[in-house]
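Each ligand, and each atom within it, is numbered from 1 in the order the structure gives.
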Amino acid sequence: MKISDAYTIVTSPGRNFVTLKVVTDEGVYGIGDATLNGREMAVVAYLEEHVIPALIGRDPQRIEDIWHYLYRGAYWRRGPVTMSAIAAVDLALWDIKAKLAGMPLYQLLGGKSRERVMTYAHCTGKDIDACLEEVEAHVELGYRAVRVQAGVPGIPTIYGVAKREGERYEPADSDLPAEHVWSTEKYLNHVPKLFAAVRERFGDDLHVLHDVHHRLTPIEAARLGKAVEPYHLFWLEDCVPAENQEGFRLIRQHTTTPLAVGEVFNSIHDYRELLENQWIDYIRTPLAHGGGITHMRRLADLAGLYHVRTGFHGPTDLSPVCLGAAIHFDTWVPNFGIQEHMPHTEETDAVFPHDYRFEDGHFIVGEAPGHGVDIDEELAKKYPYKRASLPVNRLEDGTLWHW
Ligand SMILES: O=C(O)C(=O)C[C@H](O)[C@H](O)CO
Ligand SMILES: [Mg+2]
């Protein structure tokens with residue numbers, strides 16, 4: 001069996017997605033998600049110029065060999081563009097292998113470790129009261145876990161909070177980067193009040209999460225972690241930029257609030273110090289940015305040695321292909337923690353027909369052979385690519401800050 005064709009499909013049913021389709025000479029095909037939010041066309045160029053020509057004629061069943069060919073063989077290792085391109089190939093090849101076996105992907109990985117996959121929803125509001133209403137609505141939908149982000153008095157726009165009531169939050173919301181304003185002091189003074197209000201209204205059982213989006217220094221993160229301890233968060237996410245991994249030692253020394261890290265990581269090597277020193281509790285890299293299933297299963301196994309669990313990134317800027325494959329992975333992986341869930345638009349769901357379903361705050365994996373997600377290429381053509389950028393963030397005095 002040989003790979004006879006491979007090509008990228010760029011579509012924008014509400015937001016941009018890049019899909020790689022790998023076709024075999026026996027007619028079986030697989031698809032992988034290659035979407036890197038705000039940098040979509042860089043991955044397309046990498047795939048079209050450097051990966052696809054080298055794939056044609058190879059045996060699609062040799063997933064391991066192809067992975068190392070693309071990783072070691074490239075000489076230029078790691079990095080989000082490279083690892084997203086490799087991930088797209090890897091997801092497509094696992095899709096093909098599972099289809100050839102006539103099995104849903106989770107069976108090939110080792111079978112079910114659980115019946116359903118707990119998800120967390122995004123709840124945002126311009127202030128604490130609006131946010132509590134969102135939490136109420138999501139609890140009614142069945143969610144057992146919610147990520148809570150509210151506007152902060154004195155900061156005009158805030159990451160993760162929809163611009164207008166009732167609208168979805170979209171990170172890549174303008175042609176060129178919009179500029180946001182940030183004040184650490186205002187934020188740190190406000191956030192504990194938000195969690196006090198959530199616990200007072202919803203009690204102790206709801207799992208509550210929060211994303212800091214890399215905006216604090218280690219000592220500030222330690223202060224926040226300590227301040228929210230009475231509200232026992234499920235996790236505090238990306239509390240500092242993680243290039244300085246040693247910073248987590250300081251945070252860990254001061255707080256028992258669990259820490260999640262890694263939605264911008266793309267390799268097992270990014271996590272080595274954090275895991276070996278037991279500084280974090282959840283790994284966040286999605287399959288589509290972390291080299292696919294072949295690489296992420298190694299990371300999950302390493303994490304398991306240190307009692308660290310998975311909590312895959314799952315925003316709307318990863319396509320249903322990534323989400324579908326993640327649900328198979330989550331159903332299998334022994335050290336599963338939680339799966340992020342931001343529902344895709346109806347247009348996106350129509351372009352990517354899938355067999356996973358949401359029920360009572362959980363995802364239920366499908367039984368179709370492969371990862372269970374397809375692409376309607378004719379429909380995809382109706383939604384042309386449109387450049388969209390993530391914002392930048394500045395302190396009140398104009399200094400460019402972390403985002
Ligand atoms: O979902 C999250 O936790 C995020 O932080 C969302 C990111 O900002 C988004 O995916 C960036 O593209
Ligand atoms: Mg995040």
Ring center gap for Tyr143 and Phe358 short of 6.0 angstrom: yes
Heavy-atom nearest neighbour of atom 1 (O) of ligand 1 within options Glu237, Arg147, Glu340: Glu340
Donor-acceptor side-chain pairing of Arg62 and Tyr69 below 3.5 angstrom: no
Ligand 1 versus Asp238: contacting region, heavy-atom distance under 4.0 Å: neither
Closest approach of any protein heavy atom to atom 7 (C) of ligand 1, naming residue and atom: Glu263 OE2, 3.4 Å
Protein contact to atom 8 (O) of ligand 1 [nearest heavy atom, distance to 0.1 Å]: His213 NE2, 2.9 Å
For Asp317, atoms of ligand 1 separated by under 4.0 Å from a heavy atom: 9 (C), 10 (O), 12 (O)
Sub-4.0 Å atoms of ligand 1 with respect to non-hydrogen atoms of Arg284: 2 (C), 3 (O)
Subset of ligand 1 atoms that lie under 4.0 Å from at least one heavy atom of Pro315: 1 (O), 10 (O)
Contacting atoms of ligand 1, where contact means under 4.0 angstrom from a heavy atom of Asn37: 11 (C), 12 (O)
Vertex the Mg ion (ligand 2), rays to OE2 in Glu237 and OD2 in Asp211 - rounded to 10°: 90°
Residue among Leu105, Val373, Leu108 satisfying side-chain contact (heavy atoms from CB on, under 4.5 Å) with His328: Leu105
Ionic contact status for Glu64 with Arg297, cut-off 4.0 Å: no
Electrostatic pair Lys226:Glu229 at N-O distance under 4.0 angstrom: no
Residue Asp211 vicinity, atoms of ligand 1 by number, heavy atom under 4.0 Å: 2 (C), 3 (O), 4 (C), 5 (O)
Pair Glu185 + Arg223, salt bridge at N-O below 4.0 Å: yes
Short side-chain to backbone donor-acceptor contact, Asn266 and Ser84, under 3.5 Å: no
Under-4.0 Å salt bridge between Arg215 and Glu220: no
Distance from atom 4 (C) of ligand 1 to nearest protein heavy atom, with residue and atom: Tyr159 OH, 3.1 Å
Residue Pro171 vicinity, atoms of ligand 1 by number, heavy atom under 4.0 Å: 9 (C)
Between His122 and Glu134, a side-chain donor and acceptor under 3.5 Å: no
Identity of the N, O or S atom of Glu263 lying closest to the Mg ion (ligand 2): OE1
